[in-house]
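From a predicted model like this one, the values you see are computed outputs, not experimental measurements. Any value given below was found using the heavy atoms of this structure, including those in side chains, with hydrogens, waters and symmetry copies removed.
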Amino acid sequence: SLERTVCGEYKKQACVSLDELEQLFINGKSSDIEKYILPVEPLFAHLPKVVLSEFYTKLCLNGCEIYLDKARIDKNIFQNTLECRLYTFDNRFIGIASLGEFDDGQALKVKHRFID
């Protein structure tokens with residue numbers, strides 16, 4: 001059989017089962033559950049980081065594509081990948097964006113959004 005003991009920075013020793021989490025909740029220790037909930041952001045640390053200005057953050061969160069030239073995003077960060085980690089102007093993780101060709105040129109479009 002095969003058992004995964006490590007995935008990136010996540011190690012089996014730090015994991016808990018759903019049954020264990022349920023028991024914490026049943027026993028009124030729901031605040032203890034939070035220490036087991038890890039952020040998703042580290043899973044994408046291998047992707048280049050793009051921080052948007054306040055104006056482009058607003059456009060992005062409204063579903064618009066973000067044109068590299070207009071937003072002054074360096075095209076060179078996409079030499080090895082067509083995806084990036086996208087952040088708001090105040091450095092909050094938005095999610096993963098994909099680079100694509102649109103009517104007005106190359107632009108980023110959110111592929112997986114993790115922010116409300």
Contacts satisfying salt bridge (Lys or Arg N to Asp or Glu O under 4.0 Å) that involve residues 72-95 (not counting sequence neighbours) are D69-K75, E83-K111, D90-R92

If Ile, Leu, Val, Met, Phe, Trp and Tyr residues are connected whenever their side-chain heavy atoms lie under 4.5 Å apart, and connections chain through other members, are I73 and L82 in the same group? yes

*asked:* If hydrophobic clusters are built from ILVMFWY residues whose side chains come within less than 4.5 Å, do Y10 and V6 share one?
replied: no

Q. Under the 6.0 Å and 45° cation-pi test, does K109 pair with F102?
A. no

One should read off an interatomic distance between I94 CD1 and F114 CZ, to the nearest 0.5 angstrom, of 12.0 Å

Original post:
Taking a hydrophobic cluster as the set of Ile, Leu, Val, Met, Phe, Trp and Tyr residues connected by side-chain heavy atoms closer than 4.5 Å, whether directly or through intermediates, do I96 and Y87 fall within one such cluster?
Top reply: yes

Would you find more than 12 non-hydrogen atoms of other residues, nucleotides or ligands less than 6.0 Å from I26 atom CD1? yes

*Test item: K58 side-chain N/O and S53 main-chain N/O as donor-acceptor pair under 3.5 Å*: no

Task: Check: I115 and F93 side chains under 4.5 Å, non-hydrogen atoms - done: no

Using modelled atom types only, decide if a donor and an acceptor are shared between the side chain of T57 and the backbone of F89 within a distance under 3.5 Å.
yes

* For L61, does its backbone N or O pair with a side-chain atom of R113 as donor and acceptor, under 3.5 Å? -> yes

Contacts satisfying side-chain hydrogen bond (donor to acceptor under 3.5 Å, both in side chains) that involve residues 20-29 (not counting sequence neighbours) are S17-E20

Query - Sub-4.5 Å side-chain heavy-atom contact between I33 and F25 - result: yes

task = Check whether any side-chain heavy atom of Y56 sits under 4.5 Å from a side-chain heavy atom of C64, and report yes or no.
result = no

If hydrophobic clusters are built by linking Ile, Leu, Val, Met, Phe, Trp and Tyr wherever their side-chain heavy atoms come under 4.5 Å apart, do V110 and L59 end up in the same one? yes

Sub-4.5 Å side-chain heavy-atom contact between C60 and L86: yes

Shortest non-hydrogen pair, C84 vs F78, comes out as CB-CE2, 3.8 Å

Does any part of the side chain of L24, heavy atoms only, come nearer than 4.5 Å to the side chain of Y36, both counted from C-beta? yes

Note: G105 and Y67 closest approach over all heavy atoms is O-CE2, 3.5 Å

Report task. Determine whether L38 and L43 fall in the same hydrophobic cluster, where Ile, Leu, Val, Met, Phe, Trp and Tyr are linked whenever their side-chain heavy atoms lie under 4.5 Å apart. Result -> yes

Rounded to the nearest 0.5 angstrom, the CG-CD1 distance for L99 and I66 is 12.5 Å

Rounded to the nearest 0.5 Å, the NZ atom of K49 sits from the CD1 atom of I77 at a distance of 11.5 Å

